Protein chains: 2
Amino acid sequence: MASIKDVARAAGVSVATVSRALSGRGNVSAAAQAAVQRAASDLGYVVSSSASGLASGRTRNIGVLVPVINHWFYASVLEGICTALMREGYDTTLYQLTKDSGQRHQIFSDFLQRQRVDAVIAVNVELSEQELVALHALNKPLVGVGGPLPGVPTLHVDDEAVSALGTNHLLSLGHVRVGYIGGSSETDLDFRVPSHRRIGYERALAEAGIDVDEQLCVSADFTMGQGYTVAKQLLGNPATRPTAIFAASDEMAIGAILAARDLGLQLPQDLSVVGVDDHELAELFGLTTIRQQPHQQGELAVAMLLKAIRGEAPARAHHLEHQLIVRSSTSRPATDA
Amino acid sequence: MASIKDVARAAGVSVATVSRALSGRGNVSAAAQAAVQRAASDLGYVVSSSASGLASGRTRNIGVLVPVINHWFYASVLEGICTALMREGYDTTLYQLTKDSGQRHQIFSDFLQRQRVDAVIAVNVELSEQELVALHALNKPLVGVGGPLPGVPTLHVDDEAVSALGTNHLLSLGHVRVGYIGGSSETDLDFRVPSHRRIGYERALAEAGIDVDEQLCVSADFTMGQGYTVAKQLLGNPATRPTAIFAASDEMAIGAILAARDLGLQLPQDLSVVGVDDHELAELFGLTTIRQQPHQQGELAVAMLLKAIRGEAPARAHHLEHQLIVRSSTSRPATDA
DNA sequence: ATGAAAGCGCTAACAG
DNA sequence: CTGTTAGCGCTTTCAT
C-alpha cells in the first residue's frame, strides 16, 4: 500500500505538494502537478479515506436514508443518487430506516454520529421530532426527496397538482363517476403524500361541480396486490361502480386494471384508469399516468447537496416537473345507449 | 463533538482504557467499564470512524457491489445485507457496477482502493479478468451472492436443480410440449444463471425422454415486458404452441400469463406456467414458482463475511435452499377430446 | 488492569 | 509555488 510519502519521494517533492496536487486545493506548478500525477499512478496510489477524513474533516461519502429499498420509487431514487455521487467521486452509504424503533435510534445516535458522512439525503422518511432534532444536530448539509421534512430543503412533485391533473384528465373526457384509490391512513404517516393527492382529486371534482362520493374512495398501501383487492370492491357492484378511477400510484392502478379484467370489464370502454409514476410496467398495461422521474430526482438531490457542501447556495425546496402521459387506459365513457 | 479525551477525563481513566472499554478489546475492570460507559453516554460520545479506521485499519463498513438496484432480486438481497450489517454495527456502502467501463474502472481503481471498506459482497456481478484480479488484490474478505465468481465463496441456489424441478413439475402433470423462457445471450454474460437454468430444463426433458424443441425455447431479459413479448410469439400459433411454459424468472412468467390472457387462453386449462423466485407478485397471479429467498441470501452473505473478518472460518461456496410453491397456474393439460 | 506514548496517513497552517 | 511540521482522534504496544 503506497503512501503519500512514497509518492512524494518518487515525484521528488514534499508530501504537502502531493496532497495539494492530488486534491486540487492550493497552488501547484504544472511541473510538480505532472510529476505527482505520474508517480501516483505508477505506484497505484489512492488517498486513504480514513487519513484524509481525519485530517480534513471531509469524507467524500454521503449518507442516504430510505424507508425501504425494495420498491420502485425508492430504488429508482437511490440509483439516481448513487450514479450522481459516483460521478463526483463520492461514496454512498445506505441507512435503511425501518419501523423498528431500536434500529432507528441506533442510526441516529450511532451510525450518523460517527462522522462517516459529509451530508445526508433523506428519501421519503417520516421522522419523529426527536429524530429530526438529531438530524439537524449533525450540522451537516441535508436534502430531502419525496416527503417534505421540516427545515430540510426537499425535492418533490406537487402532489396536489399531480392528482388534480389526473382527475381533470378523466373529467375532461366526460367522466362523472370518478373513483379514487389512495393511501391508507397508515401509509399516510410515512408518506404524507396520499393526503395531498386526495386533496388534489377533491379539488378537481369541486371545480367541476361534482360532490365527492365517499363510496368511490378507497385506500390501499400503494402495492399492486392491494390495488387489485380494493378495486374489486369498488368495481364489483355494477349499479354503483365508477366509470373511471384515479389511483395514487401506478402499481395500484395496474392492480385495478387486473381487477377490472377479472370482472370482465373492458378498458377503456367500461372503465378508464389513471395512475401516478410512469412505472416501468405502465407501458405494458397501456396505463395513462402522470410521470415523475425518481432517478432524476436522485440526481438533482445530489446536485443540491454538493452545492451546499461547497457552500455555494442555500438549497431551497423545489417542486419537480410532472407530465401527463396518455396511453390506452383512458377514453370517453361509454354512452349509455 | 466530545472526543475520547473528554470521556477519559469524565470517567477518570486514561484514553487507552476508554478505547479498550468501548471496543471490547483488552481487559478492563468492571468498575472502569461502567465508568467509561456512563461517561460516554452522558457526553453522547461516539467513536470517530476516520480516527478509529486510521489507527486500527478496521472501518466497520462493508462495500456492496450490485449491477442494478432497481430490480426485485437485487433490491431484496441488498435489504437483507443492509439489515444484517446494521445489526452488527456495520455500515453499508453501495457501489453500482454498471456497464459503463469508465465507471467500473473508477470503482476498482479508486473507490475500492481508498480503504473505506473492510470487505466486499458482490451480488451477481460479472467481472472481467482484470477486475477480478483487482478485487482479490484488495486482500480483503470477499463473498459473492447469485452468480459464481472465480475464487470467491458464493451463495446461490442450484440453478440447474431449480429449473429441473420446475420442468419436472410440469412433466409430472402430463405436459409434453413444455416451452422455456430464459435469458438472452446478452444477459447471460451478466448472470451466468440462464445457461444453468437452461441446462436443468433440458436435463429434465431428457430424463423424460423428450427432445428439446428449439421452437419452444425463447429468450428475454428477465423483465415482465419482454416475457410478455416473447410469450406472445411462443403462444401465437395454435398449431405449435406449448401447453406449458417454464420461465427462468417470475417476472417473465407473469409476462407470459398476461400474454396468454390477451390471446384468450385460460390458465391453467389451456396453459400452465411455472416461474422462479416467488416474487411478491407471484401470489396475485396465482403463479406456481420455485422460491428463492434473496433477503435471506443477503443476511447469510453477511454472516459468512463477518466470520471471515473475524478469522473464524474459511468461507465456502454454498447452495441455498429452494422450494416449489404450487399455485393455480399449473395443472394437467386439457385432454384432447 | 492500566497508563504513557508512538504512530496510523493525511491536511493545513505557517514560513519562506 | 513549495517544504516543514503540528495535529486530526484513535489504537496499540510496552511498561508497570
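Just so it is clear: chains get the letters A, B, ... in the order the sequence lines come, proteins before strands, and each one is counted from 1. It should be emphasised that the depicted structure is a prediction, and the values quoted were computed from it without experimental measurement.
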- request: Give a yes/no on whether any side-chain N or O of A:R58 is located under 4.0 angstrom from OP1 or OP2 of C:dA12.
  value: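 The answer is yes; a side-chain N or O of A:R58 sits under 4.0 Å from OP1 or OP2.
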Ignoring hydrogens, what is the shortest heavy-atom contact between [X] and [Y]? Give both atom names and the distance.
X: A:R60; Y: A:E88; answer: NH2-O, 2.9 Å
X: B:P141; Y: B:D118; answer: CD-O, 3.5 Å
X: A:M1; Y: B:Q113; answer: CE-OE1, 4.4 Å

Whole-Å distance separating the [atom1] atom of [X] from the [atom2] atom of [N]:
X: B:N27; N: C:dG3; atom1: CG; atom2: P; answer: 14 Å
X: B:Q115; N: C:dG9; atom1: CD; atom2: P; answer: 9 Å
X: A:R116; N: D:dC10; atom1: CZ; atom2: C1'; answer: 14 Å
X: A:R60; N: C:dG9; atom1: CZ; atom2: C1'; answer: 17 Å
X: A:I4; N: D:dG3; atom1: CD1; atom2: C1'; answer: 13 Å

message: So if I take residues 5-24 of chain B and measure heavy-atom distances to DNA chain D, which residues fall below 4.0 Å?
response: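 Contacting residues: B:A16, B:S19, B:R20.
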message: Short of 4.0 Å, heavy atom to strand atom, which residues of residues 42-56 of chain A count as contacting DNA chain D?
response: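 Per residue number, the list reads A:L54, A:A55.
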field: Donor-acceptor pair, side chain of A:D158 and main chain of A:H319, under 3.5 angstrom
entry: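 Here the side-chain-to-backbone pair does not exist.
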- request: Inspect the contact between B:D110 and B:R114 and indicate whether a charged nitrogen and a carboxylate oxygen are less than 4.0 angstrom apart.
  value: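 Looking at B:R114 and B:D110, the cut-off is not met.
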query: Under 4.5 Å between any side-chain heavy atoms of B:Y45 and B:D6, yes or no?
result: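 A side-chain contact is absent here, since even the closest heavy-atom pair is not under 4.5 Å.
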query: Atom OG1 of A:T17 and atom CG of A:L22: how far apart are they, to the nearest 0.5 Å?
result: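 Taking OG1 in A:T17 and CG in A:L22, the distance rounds to 11.0 Å.
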- prompt: More than 12 non-hydrogen atoms from neighbouring residues, nucleotides or ligands closer than 6.0 Å to NE2 on A:H136, yes or no?
  reply: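 Enclosed.
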